[in-house]
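First comes the structure, then the notes that go with it.
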Amino acid sequence: MNLNPPQGMRDFYPEDMLFRNYLFDKWREISRIYGFEEFDAPIVESADLFRRKSGEEIDEQIYVFKDKGGRELALRPELTPSLARLILSRIKELHFPLRWFGIVQCFRYERAQKGRKREHYQWNVDIIGEESPIAESEVIAAAVNVMTGLGMTSRDFKVRIGHRGILHDILKYHECEMKYFNQICLALDKRGKIADEAIKEMLKSDGLPESEIQKIFKIMEIRNIEEIESIIDNKSTSLNNLKELFNLLEIYNLKDFIEFDIGIIRGLAYYTGIVFEGFDVERKYRAIFGGGRYNNLLQNLGGKDLPAVGLGFGDVVIKELLEYKNMELKTNAKPDIAIAFLSDNERDFAIKIAELIRKKGISTDLFLKPEKPKKIFSLCNKMKKRFVILIGENEKETGSVTIKDMNSGIQEEVAINDIIKKIAP
RNA sequence: GUGGGUGUAGUUCAGCGGUCUAGAGCACCAGACUGUGGAUCUGGUUGUCGUCGGUUCAAAUCCGAUCACCCACCCCA
């Protein structure tokens with residue numbers, strides 16, 4: 001019998017749930033503070049919902065299966081198509097802009113690797129129905145606040161911001177041939193990951209002439225918006241858009257967290273404008289979160305265009321990063337109090353004491369059978385209990401309990417009425 | 001889908017053709033008796049050496065297949 005979970009799927013032991021809940025709580029808290037409402041959708045959707053979106057290629061990466069009625073269903077690889085479905089079916093009654101978020105489990109059928117599994121949880125934040133870059137800035141601000149809430153600073157991570165349209169404009173200015181746009185995007189994406197020479201080779205084998213390749217490398221050197229301004233004129237709406245976003249983010253006081261990066265492309269075909277990704281400064285990990293503007297959200301479902309900005313923030317990379325930085329978690333969710341008894345004669349008395357404490361909302365772990373004191377204290381020590389309440393013959397007779405403070409090692413006999421005072425002062 | 005790496009006690013790993021009747025650290029269990037944990041000490045347990053097959057007098061060790069995990073690519077969240 002193979003005890004492993006299916007390939008790329010994850011088990012969450014209690015100690016893993018500690019981190020997961022910690023992260024989810026952070027996501028929820030920031031969502032609430034930034035005024036987003038939570039929603040969810042089925043984890044299983046009609047396979048067509050996901051296919052329709054971005055061509056055929058995605059098909060191979062979706063878990064597809066047939067239900068007993070022969071309908072083709074899929075485990076969701078992402079939340080956005082479901083979001084589009086929900087919005088479209090209430091398009092008349094919803095008032096925009098909408099701010100929705102979800103914390104959802106997604107699946108992708110592909111080989112697992114560092115920072116990527118076949119299954120992950122993802123925080124999704126979307127603002128639907130707003131053209132202005134203030135939508136982007138709200139979403140980016142929320143993501144940055146999650147990061148800082150997890151203890152990260154601007155020395156640990158940066159949000160790199162790019163713009164598809166600007167790349168287009170620059171290429172046009174350089175009179176690059178647009179038929180190579182996809183290859184150019186690919187080359188930009190590769191920069192920093194593989195050697196420049198290898199990129200050149202790649203472009204060459206794609207059929208780009210030497211002159212074009214040189215232009216592209218010049219473009220890749222662009223490091224800030226001012227450089228772009230000096231290259232292309234002010235009529236570029238994309239450029240103005242991006243400038244406005246940077247101004248806005250300065251008002252949010254996020255200047256230290258953001259950088260312009262012409263190389264941020266993002267794969268998804270549906271991004272239409274500003275795109276951004278969060279990275280650790282050492283670049284040891286892949287993007288922590290990413291998102292951007294996708295103004296044709298509803299098109300694929302037969303609706304009208306609706307401006308939208310979205311963000312996805314997965315649980316896998318951030319966990320690896322926090323572990324690497326030794327910042328994963330400090331809380332201990334285990335019960336603080338343990339109640340133990342020495343023989344069956346005291347069991348019922350111990351139950352009554354446990355219930356008394358639990359009625360006060362205090363987390364209490366009750367031993368289920370009698371144990372020797374040595375074992376009781378040894379176990380409680382391992383489980384890091386704060387207090388151990390011991391009940392034996394003596395205690396039962398006098399109607400009291402023995403409470404031991406595991407930190408100090410001091411113990412005393414306490415009357416029933418004084419227990420709460422002792423353990424929860 | 002392609003390429004590479006790794007599977008040995010609960011766990012992290014060492015051993016890489018004959019003394020292996022397979023080890024080490026950590027973990028675990030036990031240290032007269034009575035109602036008391038954490039440090040140290042002493043003793044002890046733990047394994048179809050991933051699975052199946054092959055080569056050999058001899059296989060954890062070599063070869064093949066298979067499964068699983070990891071890493072990279074492809075692609076992307």
Side-chain angles (χ1 to χ4, degrees), chain A residues 1-11 13 50 53-62 75-81 102 104-125 182 185-186 189-190 193-194 198 202 264-271 275-278 284-292 310-318 320 338 340-343 345-346 370-396 401-413:
Chain A
M1 185 62 197
N2 178 10
L3 299 179
N4 291 316
Q7 228 179 58
M9 302 294 178
R10 300 190 285 161
D11 289 325
Y13 284 89
F50 302 117
K53 188 153 142 196
S54 44
E56 309 302 312
E57 269 187 35
I58 213 157
D59 215 44
E60 298 215 328
Q61 300 199 339
I62 301 180
L75 297 178
R76 64 178 165 209
E78 53 171 335
L79 185 61
T80 311
V104 297
Q105 193 180 16
C106 297
F107 301 84
R108 286 249 168 144
Y109 189 84
E110 61 177 346
R111 244 341 127 79
Q113 53 186 292
K114 197 176 163 82
R116 278 171 98 188
K117 319 252 175 218
R118 287 186 168 180
E119 173 226 331
H120 76 140
Y121 286 88
Q122 191 183 60
W123 179 47
N124 251 260
V125 180
N182 284 345
C185 284
L186 213 62
D189 195 52
K190 285 280 165 288
K193 288 185 205 161
I194 63 176
M202 217 174 73
I264 299 296
I265 305 294
R266 296 194 60 80
L268 290 172
Y270 57 73
Y271 286 110
V275 284
F276 56 87
E277 290 185 334
K284 275 175 80 90
Y285 299 89
R286 60 181 70 240
I288 305 160
F289 58 86
L311 162 89
F313 189 138
D315 69 322
V316 178
V317 176
I318 187 64
E320 286 175 358
F341 49 98
L342 298 178
S343 82
N345 295 332
E346 294 93 41
E371 295 289 358
K372 288 183 178 157
K374 200 182 177 86
K375 182 144 192 181
I376 291 166
F377 290 107
S378 169
L379 278 173
C380 288
N381 180 54
K382 267 169 219 152
M383 294 189 289
K384 295 190 166 45
K385 302 292 185 197
R386 181 68 218 286
F387 292 103
V388 177
I389 295 178
L390 186 72
I391 295 165
E393 209 176 338
N394 303 343
E395 286 83 356
K396 194 186 166 192
V401 300
T402 294
I403 300 180
K404 178 160 182 169
D405 180 330
M406 295 298 280
N407 292 349
S408 64
I410 297 164
Q411 73 180 49
E412 55 186 306
E413 210 165 317

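Lettering follows sequence order; numbering is per chain, from 1. All values below were derived from every heavy atom in this structure, side-chain atoms included, with hydrogens, water molecules and symmetry-related copies excluded.
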Kindly give the atom pairs (protein nitrogen or oxygen, nucleotide nitrogen or oxygen) under 3.5 Å for nucleotides 38-42 of chain B.
residue, atom, partner, partner atom, Å
B:rG38, O4', A:N381, ND2, 3.0
B:rG38, N2, A:M406, O, 3.2

Pairing nucleotide - B:rU21, Watson-Crick or G-U, each distance under 3.5 Å:
none

Span that lies between the P atom of B:rU46 and that of B:rA22, in whole angstrom:
11 Å

P atom, B:rG15 versus B:rA9: distance in rounded Å?
15 Å

Using the P atom as the reference point in each nucleotide, state the distance between B:rC29 and B:rG37 in Å, no decimals.
14 Å

Quote, to the nearest angstrom, the P distance that separates B:rU55 from B:rC63.
15 Å

I'd like to know if A:K117 pairs up with A:D315 as an ion pair, taking the criterion as any Lys NZ or Arg NE/NH1/NH2 lying under 4.0 Å from an Asp or Glu carboxylate oxygen.
no

Does A:F377 have any ring-ring contact (aromatic ring centres under 6.0 Å, His included) partners at least two apart in sequence or in another chain, and if so, which?
none

From CD of A:Q61 across to P of B:rG1 the rounded distance in Å is 12 Å

Kindly compute the distance separating CG (A:L342) from CD (A:E393), expressed to the nearest 0.5 Å.
9.5 Å

To the nearest angstrom, how far is A:Q122 atom CD from B:rC76 atom P?
15 Å

For B:rC62, the nucleotide meeting Watson-Crick or G-U wobble distances (both under 3.5 Å) is B:rG54

Whole angstrom value for the distance that separates P of B:rG37 from NZ of A:K382:
12 Å

Assigned partner base of B:rG43, Watson-Crick or wobble definition, under 3.5 Å
B:rC29

A:E110 CD to B:rG1 P, straight-line distance once rounded to whole Å:
12 Å

What I'd like to find out is whether the side chain of A:K372 reaches to under 4.5 Å of the side chain of A:I376, using heavy atoms alone.
no

Using heavy atoms to find the nearest nucleotide of RNA chain B for A:R118 and A:M9 separately, return the residue whose nucleotide is more 5′.
A:M9

Which one is paired to B:rG35, where only Watson-Crick or G-U wobble pairs with both distances under 3.5 angstrom count?
none

To the nearest angstrom, the CD-P distance between A:E119 and B:rC69 comes to 13 Å

Considering all heavy atoms, the nearest A:I264-A:V275 contact:
O-CG2, 3.3 Å

For B:rC16 and B:rU21, measure between their P atoms and round to the nearest Å.
15 Å

Identify whether the distance between the nearest side-chain nitrogen and carboxylate oxygen of A:R266 and A:E277 falls below 4.0 Å.
yes

Length of the OH-P vector between A:Y285 and B:rC71, whole Å
11 Å

Using a cut-off of under 3.5 Å, enumerate the N/O to N/O pairs linking the protein to nucleotides 33-35 of chain B.
residue, atom, partner, partner atom, Å
B:rG35, O6, A:N394, N, 3.2
B:rG35, O6, A:N394, OD1, 3.3
B:rG35, O6, A:N394, ND2, 2.6
B:rG35, O6, A:E395, OE1, 3.3
B:rG35, N1, A:E395, OE1, 3.0
B:rG35, N1, A:E395, OE2, 3.0
B:rG35, N2, A:E395, OE2, 2.9

Restricting to non-hydrogen atoms, name the atom on A:E119 and the atom on A:R10 that form the minimum distance, rounded to 0.1 Å.
OE1-N, 2.9 Å

Paired with B:rA68: which nucleotide, if any, by Watson-Crick or G-U wobble criteria at under 3.5 Å for both distances?
B:rU6

Write down the distance separating the P atoms in B:rU66 and B:rA72, rounded off to the nearest Å.
25 Å

Pairing partner of B:rC73 (Watson-Crick or G-U wobble, both distances under 3.5 Å):
B:rG1

Crowding at OH, A:Y109 (>12 non-hydrogen neighbours, <6.0 Å):
no

Partners meeting side-chain hydrogen bond (donor to acceptor under 3.5 Å, both in side chains) with A:E371 (sequence neighbours left out)
none

Do A:M406 and A:N381 have side-chain heavy atoms sitting under 4.5 Å apart?
yes

Write down the distance separating the P atoms in B:rG23 and B:rG47, rounded off to the nearest Å.
12 Å

To the nearest Å, give me how far apart CZ (A:R286) and P (B:rC76) are.
12 Å

Between the side chains of A:T402 and A:E395, is a donor N or O closer than 3.5 angstrom to an acceptor N or O?
yes

Give the nucleotide from the list B:rC76, B:rA72, B:rC70 with an atom nearest to the side chain of A:R116.
B:rC76

Nearest whole Å is fine: how far is B:rU36 P from A:I376 CD1?
10 Å

In short, A:K396 meets A:N345 closest at the heavy-atom pair NZ-O, 3.0 Å

So what does A:Q7 touch, heavy atoms closer than 4.0 Å: a base, only the sugar-phosphate, or nothing?
sugar-phosphate

Below 3.5 Å between N/O atoms, which protein atoms pair up with nucleotides 2-5 of chain B? Just atom names and distances, please.
residue, atom, partner, partner atom, Å
B:rU2, O4, A:R111, NH1, 2.8

Provide the distance between the two C1' atoms, one in B:rU61 and one in B:rU56, to the nearest whole Å.
13 Å

With a distance cut-off below 6.0 Å to the six-membered ring centre and an angular limit of 45° from the axis, does A:R118 pair with A:F107 as a cation-pi contact?
no

Suppose the criterion is salt bridge (Lys or Arg N to Asp or Glu O under 4.0 Å): which pairs have a residue in residues 404-413 of chain A, not counting sequence neighbours?
A:R386-A:D405, A:E412-A:K422

